[in-house]
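One structure below.
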Amino acid sequence: MTVSLLSHRRLPVSAALIAALAGVLAPATSASAAPATIRTQESAPDMAGIVAALESAMANGAPGAMARYSGPEGVRGRAVGVRDRESGAAMDTRSRFRIGSVSKTFSSVVLLQLVEEGRLKLDTPVNTYLEGLLPDDRITVRHLLTHRSGLADYTNAMFEQTVPGFEAVRNRVFSYQELVDLSLAEPRTTEPGAAYAYSNANFVVVGMLIEKLTGRPVADAYQRRIIKPLGLRDTAYVHPDTRIKGTHVRGYLHPDESGAPLVDSTEQTVSWAQSAGAVISSPADLNSFTGALMRGRLLSPRTLEAMTTVTPTDGTNTRFYGLGLRRYDLSCGTRVYGHTGTVQGFYTYAFSTRDGRRSLSALANTSNHGAANTALGNTLEAAFCGKRPVPAPAARSTAPSGTAAHVPLPAERDLPERH
């Protein structure tokens with residue numbers, strides 16, 4: 001039986017503790033996304049549109065792609081292409097795969113549960129808990145979760161040459177400290193709290209905090225606090241094992257050289273990412289995870305409100321970041337929350353509506369080919385906005401932004417890419 005975490009983690013608390021929690025969860029800055037029009041009428045998912053997005057990902061270099069929608073209309077899955085180029089096995093929505101930076105939301109949930117338990121505070125300096133780790137005492141826990149610490153992303157140098165960089169770390173096992181040292185060897189990107197700058201180093205430090213405060217490996221925290229309570233049968237953190245057990249998708253990495261053969265990147269330790277990107281899951285489990293998170297199964301209402309308080313990540317006023325969580329404002333006005341993921345050979349999207357009633361997860365088994373990632377992102381529009389109305393010919397030139405004339409933005413990158 002699936003048990004809500006809230007039911008067995010809550011203890012009686014005093015009014016003083018409630019007030020303290022309110023203080024540590026309050027946003028550190030008043031800067032937030034301007035309110036957008038929220039869609040009040042749900043549209044049925046456009047499954048033909050989802051298939052078109054998957055086929056577009058294939059046309060842009062992915063051997064296969066798949067998506068799974070879950071909502072009041074039921075569960076609907078679609079798959080195109082192959083999950084294994086050698087065997088020719090068809091893409092299968094029941095398969096497991098590497099979810100890359102969607103792992104960051106798992107790590108954020110665990111850390112926010114520890115905040116709820118009074119074991120750390122969001123606006124306290126990281127060095128309070130990990131003494132001497134960072135060169136700036138102004139960097140807080142919140143700065144890590146919002147990518148506003150200024151810590152350089154060590155993967156920029158690590159994967160400057162995509163395939164050679166990957167092969168150099170495919171079987172390597174790093175310590176957290178080694179990864180932090182790689183980041184600190186680079187100039188910082190911003191002053192603490194000044195601006196959003198995506199960096200895998202932030203969530204390496206989040207992993208260090210989790211292990212320091214729990215006294216256990218991060219894998220144990222994922223298992224005990226998320227995977228087991230939600231009954232996620234296909235989700236695991238196996239670092240540093242290189243295998244994906246059971247039926248799984250094989251990942252294929254595009255080299256930087258145009259026309260060079262794809263590299264099978266399935267087996268790797270993902271030690272270069274760890275708590276920033278080493279979780280394995282499936283479409284069904286990702287739907288369950290994002291839906292349960294948005295419904296309040298994993299965090300209290302106050303904490304979830306803090307997690308979903310966002311600031312812009314670019315100038316489009318459609319993309320935002322909260323605490324280890326992305327928000328995308330779609331062309332129809334619907335807001336969805338979740339995360340994107342990139343790990344060598346895999347692109348992932350895992351998003352739900354704020355009420356958790358509708359969820360979509362999508363995968364293309366390639367990377368270092370941004371057009372495939374952008375195409376895959378169109379599954380969100382098709383799933384949550386439904387079929388687009390076709391404007392009359394005379395209205396085409398005057399159609400407002402966010403209608404049938406919608407043009408997808410390039411996908412946000414979780415790793416450096418050359419294509």
Side-chain angles (χ1 to χ4, degrees), residues 2 45-47 49-58 62-84 89-106 222 226-227 230-237 244-252 266 277-295 326 328 336-343 345-353 356-367 372-373 375-384 411 414:
T2 301
D46 176 9
M47 299 311 297
I50 288 176
V51 171
L54 300 178
E55 290 177 340
S56 180
M58 281 188 62
M66 63 178 171
R68 183 183 188 272
Y69 170 85
S70 176
E73 306 85 356
V75 173
R76 304 178 185 180
R78 297 292 186 269
V80 300
V82 298
R83 61 180 173 86
D84 186 329
M91 186 61 77
D92 186 339
T93 58
R94 297 168 296 182
S95 301
R96 305 168 106 197
F97 52 90
R98 300 192 184 280
I99 67 173
S101 288
V102 181
S103 307
K104 291 178 171 66
T105 306
F106 281 75
Y222 292 149
I226 301 174
I227 295 171
L230 295 184
L232 306 182
R233 295 180 297 177
D234 296 321
T235 303
Y237 180 81
I244 304 177
K245 295 180 180 178
T247 301
H248 62 274
V249 179
R250 300 199 71 82
Y252 298 95
T266 312
V279 174
I280 293 165
S281 194
S282 69
D285 277 9
L286 289 180
N287 286 163
S288 295
F289 170 62
T290 58
L293 174 59
M294 290 297 103
R295 290 194 302 273
R326 294 194 187 279
Y328 285 173
V336 292
Y337 298 80
H339 217 290
T340 54
T342 301
V343 63
F346 302 90
Y347 286 133
T348 303
Y349 286 76
F351 284 82
S352 287
T353 51
R357 296 175 67 245
R358 297 187 292 155
S359 303
L360 179 91
S361 54
L363 165 86
N365 58 342
T366 197
S367 68
N373 198 8
L376 187 68
N378 281 332
T379 57
L380 297 176
E381 288 281 336
F384 297 111
D414 297 325

Phe351 and Tyr328 aromatic ring geometry - parallel, tilted or perpendicular at 30°/60° bounds: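 Geometry flag for Phe351 against Tyr328: parallel rings.
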
For [X], all residues meeting side chain to side chain donor-acceptor pair (under 3.5 Å), sequence neighbours excluded:
X      : value
Tyr237 : none
Thr93  : none
Ser359 : Ser352

Considering all heavy atoms, the nearest [X]-[Y] contact:
X      : Y      : answer
Ile244 : His248 : O-ND1, 3.0 Å
Ala53  : Ala375 : CB-O, 3.5 Å
Ser367 : Thr342 : CB-CG2, 4.2 Å
Pro72  : Arg357 : CG-NH2, 3.0 Å
Ala57  : Ala65  : CB-CB, 4.4 Å
Pro63  : Thr366 : CD-CB, 4.2 Å

Quick one: side-chain contact (heavy atoms from CB on, under 4.5 Å) partners of [X], sequence neighbours excluded?
X      : result
Ala90  : none
Ser101 : Lys104, Tyr198, Asn200, His339, Asp414
Asp84  : Glu86, Ser87, Ala89, Arg250, Tyr252
Met58  : Val80

Who passes ring pair (Phe, Tyr, Trp, His ring centres under 6.0 Å) against Phe97, sequence neighbours left out?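 None.
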
Taking only residues two or more places apart in sequence or in another chain, which ones pass ring pair (Phe, Tyr, Trp, His ring centres under 6.0 Å) with Tyr347?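 So Tyr347 forms no ring pair (Phe, Tyr, Trp, His ring centres under 6.0 Å) with any residue.
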
Within a strict 4.5 Å, meaning less than it, do heavy atoms of the [X] and [Y] side chains meet?
X      : Y      : answer
Met294 : Thr353 : no
Leu376 : Leu54  : yes
Tyr349 : Leu360 : no

Working to the nearest 0.5 angstrom, can you tell me the gap between [X] [atom1] and [Y] [atom2]?
X      : Y      : atom1 : atom2 : answer
Arg96  : Arg94  : CZ    : CZ    : 14.5 Å
Asn378 : Asp46  : CG    : CG    : 11.0 Å
Ile226 : Phe289 : CD1   : CZ    : 5.0 Å

Contacts table for residues 277-288: side-chain donor-acceptor under 3.5 angstrom, sequence neighbours left out:
| unit_1 | atom_1 | unit_2 | atom_2 | d |
| --- | --- | --- | --- | --- |
| Ser281 | OG | Thr235 | OG1 | 2.8 |
| Ser282 | OG | Asp234 | OD2 | 3.2 |
| Ser282 | OG | Asp285 | N | 3.3 |
| Asp285 | OD2 | Arg233 | N | 3.3 |
| Asp285 | OD2 | Asp234 | N | 2.7 |
| Asp285 | OD2 | Thr235 | N | 3.1 |
| Asp285 | OD2 | Thr235 | OG1 | 2.8 |
| Asn287 | OD1 | Arg68 | NH1 | 2.7 |
| Asn287 | ND2 | Arg68 | O | 3.4 |
| Asn287 | ND2 | Ser361 | OG | 3.3 |
| Ser288 | OG | Ala284 | O | 3.1 |

State whether the side chain of Thr266 and the backbone N or O of Gly251 hold a donor-acceptor pair below 3.5 Å, judged by distance alone.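 Yes, because the side chain of Thr266 sits within donor-acceptor range (under 3.5 Å) of the backbone of Gly251.
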
Heavy-atom donor-acceptor pair, Asn365 side chain to Val82 backbone, under 3.5 Å: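 At least one qualifying donor-acceptor pair exists.
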
Would you please name every residue forming a salt bridge (charged side-chain N to carboxylate O under 4.0 Å, His left out) with Arg295, sequence neighbours left out?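 With sequence neighbours excluded, Arg295 shows a salt bridge (charged side-chain N to carboxylate O under 4.0 Å, His left out) to no residue whatsoever.
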
Contact list for residues 71-83, test side chain to side chain donor-acceptor pair (under 3.5 Å), sequence neighbours left out: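 Sorted pair list: Tyr69-Glu73.
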
Set out, in order, the CA-CA distance, both residues' side-chain angles and the distance that settles side-chain contact (heavy atoms from CB on, under 4.5 Å) for Leu363 and Phe346, then state yes or no. CA-CA 7 Å; Leu363 165 86; Phe346 302 90; 3.9 Å; yes

